[in-house]
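Each remark here refers to the structure printed beneath this line.
In what follows, chains carry the letters A, B, and so on, assigned in the order in which the sequence lines appear, proteins first and then strands, with residues in each chain numbered from 1.
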Protein chains: 2
Amino acid sequence: MSRTVTIRDIAQHCGLSIATVSRVVNNKGAVRAETVARVEAAVSALGYRPSMAARALKTASSMTLGVIIPSLTNPVFAETAAGLQQRSRTLGYTPLILSSDYDDALELSAVETLLAYQVDGVLLTVNDAARSAALQRLDEAGVPYCLMHNVPREQITAHVGVDNFCAAAEVAERILAAGHRCIGMISGEFVRTDRARDRHAGFLSGLHQAGVQLAQLVQVDPVNATGLAQALAAIYNQPGAQPTAWFCSNDLLALATIAQLEQLGRRVPDDVSLVGFDGIQAGALRMPALTSVRTPNLEIGSTAVDTLMAQRHLSALDTGCQLSYQLVAGGTLTLLTDSPVQPLSER
Amino acid sequence: MSRTVTIRDIAQHCGLSIATVSRVVNNKGAVRAETVARVEAAVSALGYRPSMAARALKTASSMTLGVIIPSLTNPVFAETAAGLQQRSRTLGYTPLILSSDYDDALELSAVETLLAYQVDGVLLTVNDAARSAALQRLDEAGVPYCLMHNVPREQITAHVGVDNFCAAAEVAERILAAGHRCIGMISGEFVRTDRARDRHAGFLSGLHQAGVQLAQLVQVDPVNATGLAQALAAIYNQPGAQPTAWFCSNDLLALATIAQLEQLGRRVPDDVSLVGFDGIQAGALRMPALTSVRTPNLEIGSTAVDTLMAQRHLSALDTGCQLSYQLVAGGTLTLLTDSPVQPLSER
DNA sequence: CTGTTAGCGCGTTCAT
DNA sequence: ATGAACGCGCTAACAG
C-alpha cells in the first residue's frame with residue numbers, strides 16, 4: 001500500500017517548485033522545454049496522477065457529469081448510458097451513473113449525491129418532468145442539466161429524446177392499416193412516467209383520427225410488469241373485448257406480453273399482432289422480429305452530452321432537440337385476415 | 001447560479017464555529033442537543049451538502065468505488081452493475097462506473113481515471129486476469145479490488161464469479177445426454193477473455209469424458225459477433241461436419257446464432273439444438289426459452305462489494321468466492337430423434 | 001461542550 | 001522561466 005504520489009513528490013524529485021510542475025502538467029504558462037521533459041519523465045517514472053479531489057476543490061469543477069437513469073438493466077437506458085459515457089470520455093469528463101429504480105425519492109437523493117460530488121452538469125431521465133423535485137433541486141443549485149428521453153411539453157428545459165406522442169400515433173395508423181379494429185394497449189403506469197403518458201395519448205389520438213376506440217388498456221408496474229399475466233388471462237378467458245392487436249409502450253413489456261400470450265395459447269403474430277416501442281436488440285433478434293419503434297438510444301446519450309456542454313460553454317438556453325425515430329417492420333404485426341377489413345372512416 | 005453553500009455559511013448563520021457544524025454533520029463528538037437542532041435547521045434551510053471533494057482531500061477517502069466492466073449494453077454486466085450499485089448505496093458508497101469495451105488499453109486508462117478520482121476500491125471484470133496491466137497498476141497503487149466474473153486459477157486475488165469450467169462441462173453432459181454426437185461451439189475470441197477460454201476448456205473436457213470430439217469451433221468478435229453469419233453459412237452450405245447441437249459461450253451469441261440459423265433455414269430446436277450461457281432475460285422470454293446456464297449476475301455485483309469491504313476493513317486476504325450457477329432447461333435443447341441415440345462410451 | 005488551527009493536494013496570483 | 005504563498009472546504013487534534 002504505497003502512499004499516493006503527489007505533485008510535491010515530483011517537484012522534489014526534479015528539484016523544482018510545485019508551481020512549475022503544475023504548469024507542465026496542465027500545459028499552461030511558459031516552461032523551458034528541457035524542464036518540461038524532466039518533469040514528464042518524473043511523472044511517468046513515479047506514476048503521478050493529479051488528484052481530482054484537490055483539483056475540484058481548487059477549480060470548482062470536478063470534471064464529472066452526473067447521470068440518473070431509471071434502471072441499468074433496461075437496455076434502453078443501458079444503451080443511453082453507453083452513448084453518453086463514450087462521448088463524455090472523449091471530452092475528458094467522467095460520468096457518475098446512478099439509478100432511480102423509477103422511484104421519485106431515489107431520484108431526488110441521487111441528485112443530492114451528485115451535488116455533493118460537485119458534478120459539472122447532470123444528464124438524467126426523470127419519471128415525470130412535470131413534477132420532478134429532482135429538477136427543482138437542480139435549478140435551485142444552479143447546476144446545468146439535460147433531460148434524456150423526457151421531452152417536456154411545457155417547460156423550456158434542455159432535453160433530447162423522441163416525440164413519443166407522434167411515434168405512438170404512427171403506430172396506431174400502422175395497426176389500423178393492417179385491418180385491426182379491436183385494439184388494446186399495455187403500458188407502464190401513467191402515474192409513474194411521462195413517456196408512458198405521452199405514448200398512450202399519442203396512440204389514442206391516432207386511433208381517434210380513424211374513429212376507433214381503444215378496446216383494452218392494461219397498466220402494469222414498470223419495473224417487473226406485475227399484474228400482466230393476470231390481466232391478460234382475464235381478458236382472454238372471460239367474455240369481453242379480445243384485441244387482435246396490442247401496442248406495448250416498451251419492448252420489454254412487449255416481450256413479456258408475447259410470452260404470456262403464448263402461455264394462454266395465442267400465438268404472435270398468427271392469432272394476435274403486437275407492436276412494441278424502443279427497438280431493443282432482444283426484440284430484433286427474435287423470430288419473427290418484434291415490430292417496434294426504434295429510438296436512437298446511444299445517440300440520445302451522446303447528444304445529451306453535447307447539449308449540456310453547449311449550455312455550459314455558450315450559456316445558450318438550448319431548449320433541446322427531438323431526434324428521429326424509426327418504425328421497424330418486424331414480423332409481429334400482420335394483416336388481419338380472419339375477418340374482412342373494414343374500411344377506415346373518413347380521416 | 002447560486003454559489004454553493006459551505007460549512008462556513010451555516011456556521012456563520014448559526015453563530016457557531018465550523019468545527020461544531022462539522023461535528024453535528026458527521027455526528028461525531030459531543031454537541032448540545034439544542035445546538036444540534038439549530039445546526040440541522042440551518043443545514044436544511046440553506047440546503048447545505050458537505051463537499052465530497054474537500055472530504056476526500058482531508059480524509060483520503062472519497063467514498064466512491066471504481067467499477068470497470070466490459071460493456072454496459074451486455075445485460076450480464078448491466079445486471080452486475082445494478083447489483084453492486086444497490087449494495088454500495090446501502091453502504092454509503094457511490095460507484096464510478098466505466099466500461100472498457102473489451103479493450104486492454106481502455107481497461108488500463110479506466111484504472112488511471114479511477115486512481116485520479118481516488119476511489120476507495122475497485123470492482124472490475126477484466127478481459128484476462130492472467131495478463132492484465134490494469135490489475136498490476138492497481139496492485140502498484142495499493143488500491144484494493146475485487147474481480148467480478150473473472151475467476152483466476154492461479155493468482156490469489158479476491159474475486160467472485162461462477163466456475164465457468166465446471167458449468168461448461170455440465171453443459172456438455174446435458175447435450176450428450178440428449179443424444180447429440182456432432183456438436184459445435186461458438187465463442188468469443190479466446191485471446192480476448194478468460195471466460196471464453198474457461199468455458200471452452202470446460203466444454204471440451206466434458207465432451208472428452210465421453211470420448212466425443214468437438215466437431216466445429218467458431219470464434220467471433222465479442223462486441224458485435226462479426227463473422228458469425230459467414231461462419232455458419234459456410235458450415236451449413238458446404239460439405240463437412242454439420243452440428244446438431246451448439247454451445248454458445250454466452251446468451252447474446254446464442255440469440256444471434258438462432259437468428260442466423262433460422263436465416264439458413266434451420267429451425268431451433270427442431271433442426272438443431274442450442275445451449276447458451278448467462279441466463280439473460282431476453283433468452284428466458286423467447287419461446288421456446290433459451291436453454292442456458294444462469295449465473296447470479298446481480299448477486300455477483302453485490303457480493304463483490306461485500307468482498308471488497310471485507311478486504312478493506314478486516315484486511316483479510318479473502319481469495320474470493322464462487323457462486324453457484326444453475327442450468328435452466330429452456331426449450332432449445334431437445335433429444336436427437338432423427339438417428340438412434342448412440343450409447344455413451346464408458347465414463 | 002465549543003472554538004482555533006493546521007493541513008489534505010492542487011492551481012493561481014504575484015514576485016523574482 | 002521559475003518560486004513562494006495563499007486558499008478551495010473540510011476534518012481532526014488540541015485548547016479552553
Side-chain angles (χ1 to χ4, degrees), chain A residues 2-40 42-43 46-64 92 112-113 115-120 141, chain B residues 2-40 42-43 46-64 92 112 114-120 141:
Chain A
S2 54
R3 200 184 56 78
T4 166
V5 28
T6 81
I7 198 174
R8 217 158 344 236
D9 294 321
I10 90 116
Q12 199 149 17
H13 184 90
C14 295
L16 292 166
S17 74
I18 63 169
T20 303
V21 176
S22 175
R23 275 189 273 263
V24 359
V25 167
N26 296 313
N27 205 20
K28 264 182 193 164
V31 183
R32 194 152 45 107
E34 191 261 339
T35 309
V36 171
R38 231 169 66 212
V39 170
E40 281 174 346
V43 163
L46 305 195
Y48 166 72
R49 289 260 120 187
S51 154
M52 294 308 286
R55 259 192 192 169
L57 204 53
K58 189 64 196 168
T59 65
S61 162
S62 60
M63 293 306 278
T64 58
E112 294 292 358
T113 301
L115 255 25
Y117 280 99
Q118 216 173 120
V119 295
D120 294 338
Chain B
S2 56
R3 201 185 56 78
T4 166
V5 27
T6 80
I7 198 175
R8 212 145 0 221
D9 294 321
I10 91 115
Q12 199 151 16
H13 185 90
C14 295
L16 291 166
S17 74
I18 61 171
T20 303
V21 176
S22 175
R23 275 189 274 264
V24 359
V25 167
N26 295 316
N27 204 19
K28 264 181 194 165
V31 184
R32 192 149 47 105
E34 191 261 340
T35 309
V36 170
R38 230 169 64 214
V39 170
E40 281 173 347
V43 163
L46 303 194
Y48 166 73
R49 290 260 119 189
S51 155
M52 293 308 285
R55 262 192 188 169
L57 204 53
K58 184 65 195 171
T59 66
S61 164
S62 61
M63 293 305 280
T64 58
E112 294 291 357
L114 295 179
L115 255 24
Y117 280 100
Q118 216 173 123
V119 295
D120 294 338

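- Mapping B:T59 and B:T35 onto DNA chain C by nearest heavy atom places B:T35 at the nucleotide closer to the 5' end.
- Here CE of A:M52 is found 7.5 Å from OG1 of A:T59. Values are rounded to the nearest 0.5 Å.
- DNA chain D is contacted by B:T6, B:I7, B:R8, B:I18 of residues 5-18 of chain B, taking any non-hydrogen atom closer than 4.0 Å.
- An angle of 40°, rounded to 10°, separates the two end axes of the helix from C:dC1-D:dG16 to C:dT16-D:dA1, each defined over five pairs.
- In this structure, SG in B:C14 is found 8.0 Å from CG in B:L46, a value given to the nearest 0.5 Å.
- No more than 12 heavy atoms of other residues, nucleotides or ligands lie within 6.0 Å of CD in A:Q12, so this atom counts as exposed by the packing criterion.
- Following rounding to the nearest Å, A:K58 (NZ) and C:dT12 (P) show an atom-to-atom distance of 8 Å.
- Between B:L57 atom CG and D:dG7 atom P the separation is 16 Å, expressed in whole Å.
- The stretch residues 20-34 of chain A touches DNA chain C through A:S22, A:N26, A:K28, each having a heavy atom within less than 4.0 Å of the strand.
- With a 4.5 Å cut-off on side-chain heavy atoms, A:V24 and A:T35 do not count as touching.
- Between B:T4 and A:Q118, the closest side-chain pair of non-hydrogen atoms is not below 4.5 Å.
- Side-chain N or O atoms of A:S22 include none that pairs as donor or acceptor with a backbone N or O of A:I18 at under 3.5 Å.
- Protein atom OH of B:Y117 is 14 Å distant from nucleotide atom C1' of C:dC10, rounded to whole Å.
- Between A:Y117 and B:R49 the shortest side-chain heavy-atom distance does not fall below 4.5 Å.
- If you take CE of A:M52 and C1' of C:dC8, they are 16 Å apart, rounded to a whole angstrom.
- The shortest side-chain heavy-atom distance between A:T20 and A:R38 does not fall under the 4.5 Å cut-off.
- Atoms CG and CD1, on B:L16 and B:I10 in that order, are 7.5 Å from each other to the nearest 0.5 Å.
- With contacts defined as side-chain heavy-atom distances shorter than 4.5 Å, the pair A:P50/A:V25 qualifies.
- Look at B:Y48 and you'll find a side-chain N or O under 4.0 angstrom from OP1 or OP2 of D:dC10.
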- request: Under the side chain to side chain contact (heavy atoms under 4.5 Å, CB included) rule, what do B:R55 and B:N26 come out as? Steps first, then yes or no, please.
  value: CA-CA 11 Å; B:R55 262 192 188 169; B:N26 295 316; 2.8 Å; yes
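- The separation between A:R55 atom CZ and D:dC8 atom C1' is 15 Å, rounded to whole Å.
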